[in-house]
Amino acid sequence: MQDKYLPADIERAAQQHWDSTEAFRVHADAARPKYYCLSMFPYPSGKLHMGHVRNYTIGDVLSRFHKMKGFNVLQPMGWDAFGLPAENAAIQNGVPPAKWTYDNIAYMKQQLKSLGFAIDWRRELATCTPEYYKWNQWLFLRMLEKGVAERKTQVVNWDPVDQTVLANEQVIDGRGWRTGAVVEKREIPGYYLKITDYADELLGDLDELTGWPERVKLMQANWIGKSTGVRFAFQHDIAGDDGQPINDGKLWVFTTRADTIMGVTFCAVAAEHPLALHAAKGNAELAAFIEKCKHGSVMEADMATMEKEGLPTGLFVTHPLTGKQVEVWVGNYVLMSYGDGAVMGVPAHDERDFAFAKKYDLPIEQVVALGDKAYSLDAWQEWYGSKDGVCVNSGKYDGLNYTDAVDAIAADLAAQGIGEKKVQWRLRDWGISRQRYWGCPIPIIHCDSCGSVPVPDDQLPVVLPEDCVPDGSGNPLHKRLDFLHVDCPKCGKPARRETDTMDTFVDSSWYYARYATRFGADKMVDEETDYWMTVDQYIGGIEHAILHLLYSRFWTKVMRDVGLVTYREPFAHLLTQGMVLAPTYFRELEGGKKEWVNPSNVTESVIGGKRYAWVQNDGLNFGETNLVEGRGNQSKIRISASKLDVIRDDDEHGKQSVVIVAGDRVQIGGVEKMSKSKNNGVDPEALVKQFGADTCRFFIIFTAHPEQSLEWSDAGVEGAYRFLRRVWSFGHLFASEIRGQIGAQRQLAGAKLPEDLTAFRREIHLLLKQANYDLGKQQFNTVASATMKMLNALEKAPRQGALAAETIEECFGILLRVLSPLTPHISHALWLDLGYGEDILKAAWPEPLDAALVQDEVELMLQVNGKLRGALRVPADAAKDAIEAAALAHEATIKFLEGRAAKKVVVVPGRLVNIVG
RNA sequence: GCCCGGAUGGUGAAAUUGGUAAACACAGCGGACUUAAAAUCCGCCGGCGCAAGCCUUACGGGUUCAAGUCCCGUUCCGGGCACCA
C-alpha cells in the first residue's frame with residue numbers, strides 16, 4: 001500500500017468500485033428489512049453549498065450505518081427543478097430556464113458524485129420533466145373530481161409597471177424589486193386545494209408521528225391552529241343599491257373571546273367589505289382610505305407590524321345582547337380573506353383593539369377582572385388579555401369564568417338565531433396557482449361556451465414549452481400561441497389553455513413516493529412503493545418544518561383517499577438538520593435594490609470597534625496600520641488595485657486606526673442560511689479538491705450537532721485532514737510492523753491480557769459503546785470525536801507480541817467500521833488493503849464485548865456540601881455502606897467538614913458521593 | 001407583531017439527560033527533529049491568586065444535597081409567517 005495518504009486516488013478507486021459493483025442499486029426484497037433514507041432534494045441553483053453537504057452527509061451516514069446493520073437501504077436523489085431562480089437567471093442572462101436548470105443539474109450531480117454518497121442514481125428524477133409533472137396534473141384532476149380542488153379568488157402582489165404578479169420575495173419595502181413601483185394588492189382567480197378539509201386529521205395524526213421532533217409537531221399544531229369560538233352577527237338595516245339590507249342585515253364576526261362580548265365598543269371591517277364599499281359611496285375620505293388599503297403587502301408579518309389605521313363609516317349595527325348601537329370602522333388590519341372580513345372590537349381585552357381605541361379615542365370598557373388587579377386606561381397590561389379572570393360589568397354574565405361565560409353567551413346568541421359555537425382553524429386553503437412560466441402547467445382549458453374544462457387524462461401531460469425566456473414582464477406563455485390555442489375537449493370549439501402553473505410545493509409533496517416507484521412506470525406510484533414506503537428517515541432543514549412537511553402530509557392523505565396508497569403519513573422519522581449560515585453582504589443600488597455579494601469575495605476587518613467589509617475585486621493587497629496621534633507608518637504599505645478606500649476610526653483610547661482597502665466597500669447584512677437569493681452559499685468544491693471528500697464529510701459532521709445551526713467556517717478543516725492522514729499512517733504501520741506478529745492461531749478470545757492491554761482494549765470498546773449510543777441518538781459529531789479518541793488510544797497502545805498485535809487488529813477493525821459511514825473512501829481502502837475483508841460495506845457493524853468492558857475498581861467523585869473536594873477509588877461492586885464509610889474517612893471530608901457532623905450522605909452509584917454537613 | 005429554536009474558553013464544541021463544566025478538535029504559546037521550511041512528535045492552554053483557594057455555562061431571580069441541564073422573568077441571535085425553496 002501507499003505510505004502517503006492520497007485522497008484523490010483513494011476516492012477515485014472507491015467510487016469506481018461502488019459504480020462497477022452497483023453497490024447502491026436496490027430493489028424491493030420482502031425477505032429483508034428495509035430502510036428508506038431520504039434527504040430533501042435540492043433546488044438546482046447552480047452549485048452545491050455547505051448546507052447541501054451537511055444534509056446529504058447526514059443522510060449518507062445513516063444509510064451506510066443501516067446497510068452495515070443488515071438493512072436493505074434505499075437512498076435516492078433528485079431535483080426540485082421548477083422555481084423562481086431559473087426565471088431570474090433568464091431575465092439576467094437571456095438563457096431559457098430549462099437549459100439553465102438542466103445545466104445546473106448536470107454540474108451539481110457531478111459535485112454530489114465526488115462526495116461519494118451511497119445513492120441509487122437509477123432512481124434520479126427532476127420535477128421539471130413531463131414524466132414527473134404529468135402526475136401532478138393527473139392527481140390535480142382527481143382532486144377536482146372529488147371537490148378537493150376548487151377555483152376561487154386569491155390576493156396577490158401586483159406590480160403596476162411590469163403588469164405582473166410578484167412573489168413575496170420580490171417585494172422589497174412595499175415596492176417591486178425590478179421597477180421600484182409601489183405594489184398593489186389585486187384579486188385574481190386561482191385554484192385552491194382544500195387542505196382545511198383535512199385539518200382535523202393533520203392535527204390528530206401528529207400524535208402518531210413519534211419519530212418527529214416535538215418542536216416540529218408543535219409548530220405544525222400551532223399553524224393548523226384549532227380554536228373553538230363563536231360566530232355571531234350584529235344586525236342592521238343598512239340597505240344596499242338594490243334597496244335590500246346588505247348581507248341580509250347581518251354583520252358576521254368570529255371571536256375566540258365571546259366572554260368579552262359585553263365590552264364591544266366598535267366593529268372593524270376590511271376595506272373590501274360590502275359595508276365599507278357602501279359607506280364609501282358618499283364619503284370621499286373613506287373612498288380614498290379604502291384605495292390606500294389596497295397598497296401594501298399581503299404578508300402576515302407586515303400586517304402584524306404595520307401601523308393600525310382606520311376610519312369610521314358612519315354606519316351603526318346593533319349589539320345582539322345589549323341592543324346598543326355600535327359604530328362600524330374600516331381597518332387596514334382586517335383582511336377580507338379571513339373569516340367574514342370583520343371583527344368585533346373589545347379594546348379593554350385585546351391588545352390590538354386597545355391600541356386602536358387609544359389612537360382614535362374610542363371608549364374602552366373593562367368586562368373581565370383578574371383578582372384585585374386595578375384596570376387602568378393608561379397603558380396595556382399583560383393580564384388584560386388573560387382568560388383566567390371572571391366577567392364584570394356584563395349584566396347577567398357577571399362572575400362567570402371564561403368557559404362558563406362563552407357557553408352562556410353562545411347559548412343566548414343561538415336562541416336568537418344569530419350565533420353559534422364554531423371550530424375555527426388558522427390553517428387556510430392552499431392556493432396553488434402561480435402566474436409564472438417555469439412550473440407545472442395547470443391542466444385546464446378555458447372555453448367561451450363550456451367554461452373551465454379539465455384536460456382529459458389521455459391528453460396528459462400538458463407539456464410546458466422549454467424554449468421560453470421570461471423577461472420579467474409577466475408570463476411568457478401568454479405569447480406562446482402554439483401552447484395557448486387548443487380546441488375545447490367538450491365542444492371542440494377554439495379555446496384557450498390555462499397559463500398559470502403550479503406552486504413548486506406541489507412538486508415536492510410526493511417525490512418521495514415516485515422514487516420508490518419502478519423507473520419509468522406509467523402510473524403515479526406502483527406496487528414497489530408498498531415495500532419502500534413509508535420513509536423511515538427523512539432529513540432536511542428546520543426551515544421546512546411547516547409548509548413543505550404539512551403539504552406532503554396532506555398530499556399523502558389525498559393519494560390515500562384516491563386509492564393510490566395505503567399509508568396515511570409519509571415520514572416516520574424526521575431529523576431536522578440545523579441550517580448552515582453564512583454572513584451576507586450587499587451593495588445598495590439605486591432605487592433601494594440590493595446586489596448580494598458572495599462571502600468568499602469579501603474581506604472583513606474591525607476598525608475602532610466597527611466592522612467593515614469590502615470586495616477584493618483585484619485580489620490584491622490591503623494594509624492595516626495604527627496611526628498614533630496622526631503619525632503613521634503608511635510608507636510600508638504597498639497597494640496596487642484599481643480602487644482604494646481609506647477608512648479611519650478612533651478607538652476608545654483615542655488612537656486612530658486606518659485601513660486602506662483595495663476594492664469596493666460593501667454593506668454587512670445578517671448571518672443567514674445559505675441561499676441562492678442572498679448569494680451567501682459556500683461551494684464545497686475547493687475543499688474537496690484540496691483535502692478530499694472524506695475530510696470534507698468528516699469535518700462537517702464533526703463540527704456541530706446535526707440539529708444545531710452552524711455558522712460556516714472552514715477553520716479546523718486541517719484538523720480533520722490531519723486525523724485522516726494519521727489513520728492512514730497507522731494503517732501503514734499495522735501492515736508493516738504489527739500484523740506480522742500475529743501467530744497462525746488467534747488467541748485473543750479467552751486470553752488473560754496484561755494490564756495495559758486490558759485497559760487499552762476496554763477504552764476502545766467503551767468508545768464503541770458510546771459511539772453506538774450516539775448513533776442511536778443521531779448525534780454524529782460525538783461519533784466523530786470517538787473515532788479520534790480511538791486513534792489516540794491505538795497510537796499509544798502496546799504493539800509488541802502476538803497478543804498486542806491481535807488486540808490492535810481487533811481495535812483498528814472497530815475504528816475502520818465506525819469511521820466508514822463518515823469517511824467511506826479511506827475506510828474502504830484500508831479495510832481491503834489490510835486484509836480485513838473484500839468490502840467494508842458488507843462487514844457487520846461492531847458491537848462492544850461485555851468481556852472487554854468489565855472493570856474491578858471505579859472512581860467516585862467526593863463532594864462536601866455540593867463542592868468537589870476529592871476522589872475515591874472503590875471496588876466496582878462495593879456496597880453503599882462501605883462507600884459511605886470510605887467517604888467519611890477521607891481526608892478531604894474531614895478537612896472541609898471542619899469538625900461538623902455529616903447530616904446526610906448522598907451516594908450516586910458509579911458517580912459520586914456528596915456529604916452534607 | 002405572532003409561533004419555534006439557540007446562547008458554554010480566543011474558536012467549533014462535549015457533558016452518560018439533575019451528579020467531575022470545558023471531552024475531542026482548531027488557533028495560539030513553548031520545546032524536539034531539520035542547514036532551513038513544511039510535515040511530524042512532546043508539553044502548556046477559562047479567569048483571578050505566590051499559594052491554600054475563589055470565581056465561571058448570555059443576564060436577573062428561584063427549586064434542589066447537587067443546576068449548563070428544571071421553573072419564572074429579561075436581552076441578543078437564527079428560522080417560519082402561507083408566491084424563496
Side-chain angles (χ1 to χ4, degrees), chain A residues 40 42-43 45 80 82-85 88 154 156-157 165-171 195 213-216 218-219 221-223 225 298-306 351-352 426-436 503-505 508 541-548 550-551 576 578-579 581 670-673 675-678 699 702-705 707-711 713 715-720 722-723 725-726 729 769-770 773-774 777 779 781-782 784-789 792 859-868 871 903-906 908 910-917:
Chain A
M40 288 182 186
Y43 178 81
S45 54
D80 189 11
F82 275 135
L84 206 51
N88 294 342
Q154 51 177 169
V156 295
N157 301 306
V165 175
L166 298 177
N168 284 335
E169 188 188 53
Q170 298 173 318
V171 180
I195 191 171
E214 285 305 319
R215 60 173 164 155
V216 174
L218 190 60
M219 278 193 259
N222 289 341
W223 184 263
V298 299
M299 288 159 73
E300 188 193 285
D302 292 338
M303 301 296 297
T305 48
M306 73 183 177
E351 189 168 2
R352 192 172 58 180
R426 211 188 75 92
L427 182 67
R428 310 199 305 258
D429 281 333
W430 176 12
I432 59 156
S433 291
R434 298 289 180 270
Q435 296 67 41
R436 253 178 269 295
D503 181 5
T504 54
F505 275 125
S508 55
I542 182 68
E543 69 269 31
H544 296 290
I546 297 177
L547 291 180
H548 161 61
L550 192 68
Y551 290 147
T576 45
M579 281 155 297
L581 313 177
V671 176
E672 298 179 53
K673 71 165 171 171
S675 72
K676 177 88 185 162
S677 57
K678 294 284 169 71
F699 177 67
F702 173 71
T703 201
H705 187 289
E707 297 212 308
Q708 208 138 64
S709 62
L710 167 69
E711 189 175 340
S713 156
V717 72
E718 288 94 346
R722 202 172 300 151
F723 167 66
R725 235 169 17 209
R726 277 168 56 211
S729 303
K769 191 179 172 189
Q770 177 232 309
Y773 178 75
D774 291 346
K777 287 197 298 179
Q779 182 170 318
N781 54 332
T782 48
S785 307
T787 62
M788 288 175 137
K789 291 176 184 174
N792 290 345
E859 189 177 49
L860 300 182
M861 288 305 113
L862 175 62
Q863 292 184 343
V864 179
N865 287 328
K867 293 203 172 186
L868 183 69
K903 286 187 215 145
K904 187 175 176 183
V905 180
V906 182
V908 182
R911 302 215 66 86
L912 60 71
V913 184
N914 188 12
I915 293 165
V916 187

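Given the structure is predicted, the values throughout are model-derived calculations rather than measurements.
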Visitor: At under 4.0 Å, does any side-chain N or O of A/Gln770 touch on OP1 or OP2 of B/rA15?
Guide: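 No, outside the criterion.
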Visitor: Between B/rG12, B/rG78, B/rU40, which nucleotide has the shortest distance from any of its atoms to the side chain of A/Leu710?
Guide: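 For the A/Leu710 side chain, the nearest candidate turns out to be B/rG12.
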Visitor: Does A/Asn792 have a side-chain nitrogen or oxygen under 4.0 Å from the phosphate oxygens OP1 or OP2 of B/rA25?
Guide: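 Checking B/rA25 against A/Asn792, a side-chain N or O does come within under 4.0 Å of OP1 or OP2.
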Visitor: With a 4.5 Å heavy-atom cut-off, do A/Ile542 and A/Val216 have their side chains touching?
Guide: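 In short, these two side chains touch, coming nearer than 4.5 Å.
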Visitor: Would you mind classifying the nucleic acid contact of A/Thr305 as base, sugar-phosphate or nothing, using non-hydrogen atoms under 4.0 angstrom?
Guide: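 Since a base atom lies under 4.0 Å of A/Thr305, the category is base.
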Visitor: Distance check needed: B/rA82 P versus A/Asn157 CG, whole Å only.
Guide: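 These atoms are roughly 10 Å apart.
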Visitor: So, is A/Lys789 close to the B/rA25 phosphate, meaning a side-chain N or O under 4.0 Å from OP1 or OP2?
Guide: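 False: A/Lys789 side-chain N/O out of range (4.0 Å or more) of B/rA25 OP1/OP2.
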Visitor: Out of B/rA25, B/rC4, B/rA82, which nucleotide sits closest to the side chain of A/Arg428?
Guide: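 Of the candidates, B/rA82 comes closest.
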Visitor: Quantified in whole Å, what is the P atom distance between nucleotide B/rG5 and nucleotide B/rC41?
Guide: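 One P to the other, the span is 43 Å.
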Visitor: Specify the glycosidic conformation (syn or anti) of B/rU56, with syn defined as within 90° of 0.
Guide: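 Judged by the O4'-C1' to base torsion, B/rU56 sits in anti, the angle falling more than 90° away from 0.
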Visitor: Would you mind telling me which residue lines up with the more 5' stretch of RNA chain B, A/Val908 or A/Thr782, judged by nearest nucleotide?
Guide: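 Whichever sits nearer the 5' end wins; that is A/Thr782.
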Visitor: Quick one: do the A/Asp80 and A/Ser508 side chains pair a donor with an acceptor below 3.5 Å?
Guide: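 Distance-only check fails for A/Asp80 and A/Ser508.
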Visitor: Which is true for A/Phe702 with a 4.0 Å heavy-atom rule: it touches a base, it touches only sugar-phosphate, or it touches nothing?
Guide: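 Here A/Phe702 touches the bases of the nucleic acid.
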Visitor: Take atom CE of A/Met303 and atom P of B/rG80, then tell me their distance rounded to the nearest Å.
Guide: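 The answer, rounded to whole Å, is 21 Å.
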Visitor: Got a donor-acceptor contact below 3.5 angstrom from the A/Gln708 side chain to the A/His705 backbone?
Guide: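 Between the backbone of A/His705 and the side chain of A/Gln708 there is no qualifying donor-acceptor contact (under 3.5 Å).
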Visitor: Using a cut-off of less than 4.0 Å, is there contact between a side-chain N or O of A/Gln708 and OP1 or OP2 of B/rG79?
Guide: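 So the side-chain polar atoms of A/Gln708 never come under 4.0 Å of the phosphate oxygens OP1 or OP2 of B/rG79.
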Visitor: Would you kindly give the CG-to-C1' distance between A/Asn865 and B/rA67, to the nearest whole Å?
Guide: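 After rounding, the gap between these two atoms is 16 Å.
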Visitor: Specify the separation, in whole Å, of atom CE of A/Met861 and atom P of B/rC65.
Guide: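 A/Met861 atom CE is separated from B/rC65 atom P by 22 Å.
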Visitor: In terms of the nearest nucleotide of RNA chain B, which residue is placed more toward the 5' end: A/Pro85 or A/Ile546?
Guide: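 Its nearest nucleotide being more 5', the pick is A/Ile546.
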Visitor: Within a strict 4.5 Å, meaning less than it, do heavy atoms of the A/Lys904 and A/Val906 side chains meet?
Guide: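 A/Lys904 vs A/Val906: side chains touch.
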Visitor: Any strand is fair game: report the nucleotide pairing with B/rA51 by Watson-Crick or G-U wobble, both distances under 3.5 Å, or none.
Guide: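 Per the H-bond distance test, none.
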Visitor: Determine whether a donor-acceptor pair (one donor, one acceptor, N or O, separation below 3.5 Å) exists between the side chain of A/Asn222 and the base of B/rC3.
Guide: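 Per atom types, no contact qualifies.
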Visitor: Ignoring hydrogens and geometry beyond distance, is a side-chain donor-acceptor pair present between A/Ser433 and A/Gln154 at under 3.5 Å?
Guide: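 No, no side-chain donor-acceptor contact under 3.5 Å.
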Visitor: Across all strands, who's sitting opposite B/rG5 as a Watson-Crick or G-U wobble pair, both distances under 3.5 Å?
Guide: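 Check on B/rG5: paired to B/rC77, both distances under 3.5 Å.
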Visitor: For B/rC44, what is the paired nucleotide under Watson-Crick or G-U wobble rules, both distances under 3.5 Å?
Guide: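 For B/rC44, the partner nucleotide comes out as B/rG28, under the 3.5 Å rule.
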Visitor: Would a 4.5 Å heavy-atom cut-off, applied to side chains only, mark A/Ile432 and A/Phe505 as touching?
Guide: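 SC-SC contact between A/Ile432 and A/Phe505 ruled out.
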Visitor: Does A/Met299 reach a base, just sugar-phosphate, or nothing at all? Heavy atoms under 4.0 Å.
Guide: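 Since only primed, P, OP1 and OP2 atoms lie under 4.0 Å of A/Met299, the category is sugar-phosphate.
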Visitor: Does any nucleotide pair with B/rG18 by Watson-Crick or G-U wobble geometry, both distances under 3.5 Å, and what is it?
Guide: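 None - no nucleotide pairs with B/rG18, as no candidate has both distances under 3.5 Å.
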Visitor: For A/Glu214, which contact category applies under a 4.0 Å heavy-atom criterion: base, sugar-phosphate, or nothing?
Guide: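 Nothing, no heavy atom under 4.0 Å.
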Visitor: Does B/rA66 have a Watson-Crick or wobble partner in any strand here, with both distances under 3.5 angstrom, and which is it?
Guide: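 Pair assignment: B/rA66 / none.
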Visitor: State, yes or no, whether a side-chain contact exists between A/Asp429 and A/Ile195 at a heavy-atom distance under 4.5 Å.
Guide: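 Side-chain contact under 4.5 Å: yes.
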Visitor: Please state how far atom CZ in A/Phe699 lies from atom P in B/rC24, giving the value in whole angstrom units.
Guide: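 Checked: the CZ to P distance equals 18 Å.
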Visitor: With rounding to the closest Å, how many angstrom separate the P atoms on B/rG47 and B/rU56?
Guide: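 Per the computed distance, 16 Å lies between those P atoms.
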Visitor: A/Asn168 side chain: which of B/rA15, B/rG19, B/rC84 is closest?
Guide: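 Among the listed nucleotides, the one closest to the side chain of A/Asn168 is B/rC84.
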Visitor: Which part of the nucleic acid does A/Leu427 contact within heavy-atom distance under 4.0 Å: base, sugar-phosphate only, or nothing?
Guide: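 Base contact.
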Visitor: Is there a donor and acceptor pair closer than 3.5 Å between the side chain of A/Glu300 and the base of B/rG1?
Guide: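 Indeed there is one.
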Visitor: Taking the C1' atom in each of B/rU11 and B/rC29, what is the distance between them to the nearest angstrom?
Guide: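 Roughly 16 Å separates the two C1' atoms.
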Visitor: Check every strand shown and say whether A/Leu84 touches a base, only sugar-phosphate, or nothing at a heavy-atom separation below 4.0 Å.
Guide: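 Counting heavy atoms under 4.0 Å across all strands, the contact made by A/Leu84 is with sugar-phosphate only.
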Visitor: Side-chain contact, heavy-atom cut-off 4.5 Å: A/Thr703 with A/Leu710?
Guide: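 Of all side-chain heavy-atom pairs linking A/Leu710 with A/Thr703, at least one is under 4.5 Å.
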Visitor: Can you tell me the distance, in whole Å, between the CE atom of A/Met579 and the P atom of B/rA85?
Guide: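 Those two atoms, CE and P, are 17 Å apart.
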Visitor: How would you label the contact of A/Arg726 with the nucleic acid (heavy atoms, under 4.0 Å): base, sugar-phosphate, or nothing?
Guide: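 The answer is sugar-phosphate, as A/Arg726 gets under 4.0 Å only of primed atoms, P, OP1 or OP2.
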Visitor: From C-beta outward on A/Arg722, which listed nucleotide comes closest to its side chain: B/rA39, B/rA27, B/rG12?
Guide: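 It is B/rA27.
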Visitor: Scan A/Ala545 against the nucleic acid and name what it touches under 4.0 Å (heavy atoms): base, sugar-phosphate only, or nothing.
Guide: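 No contact at all - A/Ala545 keeps every heavy atom at 4.0 Å or more from the nucleic acid.
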Visitor: Considering just the side-chain nitrogens and oxygens of A/Lys867, establish if one lies under 4.0 Å of OP1 or OP2 belonging to B/rC55.
Guide: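 Yes, within the criterion.
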Visitor: What's the closest nucleotide to the A/Tyr551 side chain, out of B/rG19, B/rA82, B/rU20?
Guide: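 From the listed options, B/rA82 comes nearest.
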Visitor: May I ask you to say what A/Leu912 touches in the nucleic acid, namely base, sugar-phosphate or nothing, with a heavy-atom cut-off under 4.0 Å?
Guide: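 If one applies the 4.0 Å heavy-atom cut-off, A/Leu912 turns out to touch a base.
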Visitor: Given the C1' atoms of B/rU17 and B/rG31, what is the spacing between them in whole Å?
Guide: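 The answer is 42 Å between these two C1' atoms.
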Visitor: At under 4.0 Å between heavy atoms, what does A/Ser508 touch on the DNA or RNA strands: base, sugar-phosphate, or nothing?
Guide: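 Counting heavy atoms under 4.0 Å across all strands, no contact is made by A/Ser508.
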Visitor: What nucleotide, of B/rC84, B/rA15, B/rA82, holds the atom closest to the side chain of A/Ala167?
Guide: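 The answer is B/rC84.
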Visitor: What contact category does A/Trp430 fall into here, base, sugar-phosphate, or nothing, at under 4.0 angstrom with non-hydrogen atoms?
Guide: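 Counting heavy atoms under 4.0 Å across all strands, no contact is made by A/Trp430.
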Visitor: Would you mind checking if A/Glu300 and A/Arg426 are paired as a salt bridge, meaning a charged N to carboxylate O distance below 4.0 Å?
Guide: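 Counted as a salt bridge, because a side-chain N and a carboxylate O are separated by less than 4.0 Å.
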Visitor: Any idea which of B/rG12, B/rA82, B/rC84 is nearest the A/Trp223 side chain?
Guide: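 The nucleotide sitting nearest to the side chain is B/rA82.
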Visitor: Is B/rG9 syn or is it anti, if syn means the base angle is within 90 degrees of 0?
Guide: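 Syn, since the glycosidic angle lies within 90° of 0.
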Visitor: Write down the distance between CD (A/Glu859) and P (B/rU20), rounded to a whole number of angstrom.
Guide: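 These atoms are roughly 12 Å apart.
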Visitor: Within the pair A/Arg215 and B/rG80, is there a side-chain N or O less than 4.0 Å away from OP1 or OP2?
Guide: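 It does not, given that no N or O in the side chain of A/Arg215 lies less than 4.0 Å from OP1 or OP2 of B/rG80.
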Visitor: At under 4.0 Å between heavy atoms, what does A/Val171 touch on the DNA or RNA strands: base, sugar-phosphate, or nothing?
Guide: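 A/Val171: no heavy atom of the nucleic acid under 4.0 Å.
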Visitor: From C-beta outward on A/His705, which listed nucleotide comes closest to its side chain: B/rC81, B/rA66, B/rA14?
Guide: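 Selected nucleotide (nearest to the side chain): B/rA14.
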Visitor: Looking at every strand, decide which applies to A/Val671 at a 4.0 Å heavy-atom threshold: base, sugar-phosphate, or nothing.
Guide: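 Result for A/Val671 = sugar-phosphate.
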Visitor: Looking at A/Ser785, I'd like to know whether one of its side-chain N or O atoms comes within less than 4.0 Å of OP1 or OP2 on B/rA23.
Guide: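 Looking at the OP1 and OP2 atoms of B/rA23, neither is under 4.0 Å from any side-chain N or O of A/Ser785.
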Visitor: Flag the pair A/Asn168 / A/Asn157 as yes when at least one side-chain heavy-atom distance between them is below 4.5 Å, and no otherwise.
Guide: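 Yes, at least one pair of side-chain atoms sits under 4.5 Å.
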Visitor: Over all strands shown, is A/Gln435 touching base, sugar-phosphate only, or nothing at heavy-atom distances under 4.0 angstrom?
Guide: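 Base, at least one base heavy atom under 4.0 Å.
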Visitor: Respond yes when some side-chain nitrogen or oxygen of A/Asn781 is under 4.0 Å from OP1 or OP2 of B/rC24, and no when none is.
Guide: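 No, outside the criterion.
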Visitor: Just the rounded figure in Å: distance from P of B/rC65 to NZ of A/Lys904.
Guide: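 So the NZ-P distance, A/Lys904 to B/rC65, works out to 5 Å.
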